[in-house]
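Here the structure is a predicted model, which is why all the values come from computation and not from measurement. Residues: numbered from 1 along the sequence shown.
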Amino acid sequence: MNPCPVKVEILKALAHPARLEFLEWMREPHRHFASQVHPLEMGVCAQQFERRCGLSQSTVSAHLAALERAGLVVIERVGQWSFYRRNETAIQGFLAELARTL
């Protein structure tokens, strides 16, 4: 039996500690990104991740792109800025599927 491609993509995305940490931070954005000027309801600006974790812009972008490909985050683009939010529907669906299959 072949695993679902979406499930595999999510597991790949979750395999890196930085990406797990990003998702954890986005769970409580007011706690972890209180200094963001834009409303956190829009999502967390990519630059905020760079400041918080100390990784380069290209590394942060690669991690956020992996989370987006897996469907774990949604992006809202406003001008030159990209804001990231957790996709709670996808996360809950994945957790339910994982509970059913493991």
Any side chain to side chain donor-acceptor pair (under 3.5 Å) pairs touching residues 54-63, not counting sequence neighbours?
R19-H63, S56-S58, S56-T59, Q57-S61
Quick check for you: to the nearest 0.5 Å, what is the distance between [X] atom [atom1] and [Y] atom [atom2]?
X	Y	atom1	atom2	result
K12	L67	NZ	CG	14.0 Å
F83	M26	CZ	CE	13.5 Å
L72	L64	CG	CG	11.5 Å

Shared hydrophobic cluster for L11 and V73 (ILVMFWY, side-chain gaps under 4.5 Å):
yes
When clusters are formed by joining ILVMFWY residues with side-chain heavy atoms under 4.5 Å apart, either directly or through shared neighbours, do L23 and V74 land in the same one?
no
Between L55 and A18, the two heavy atoms sitting closest are CD1-CB, 4.4 Å
For A70 against A13, the heavy-atom pair lying closest together
CB-CB, 3.7 Å
Donor-acceptor pairs under 3.5 Å, side chain of residues 88-98 to any protein atom, not counting sequence neighbours: which ones?
residue	atom	partner	partner atom	Å
E88	OE1	R86	NH2	3.3
E88	OE2	R86	NE	2.5
E88	OE2	R86	NH2	3.4
E97	OE1	R100	NE	3.4
E97	OE1	R100	NH2	2.7

Anything under 3.5 Å between a donor and an acceptor, one on a side chain of residues 32-44, the other on a protein residue two or more places apart or in another chain? List them.
residue	atom	partner	partner atom	Å
H32	ND1	R52	NH2	3.0
Q36	OE1	C45	N	2.9
Q36	NE2	H38	O	3.2
Q36	NE2	G43	O	2.9
E41	OE2	H30	NE2	3.4

Taking side-chain contact (heavy atoms from CB on, under 4.5 Å) as the definition, give me every residue that meets it alongside I75, ordered by chain and number, with sequence neighbours left out.
E68, R77, S82, Y84
Considering residues at least two apart in sequence or located in another chain, which fulfil the side-chain hydrogen bond (donor to acceptor under 3.5 Å, both in side chains) criterion with R69?
none
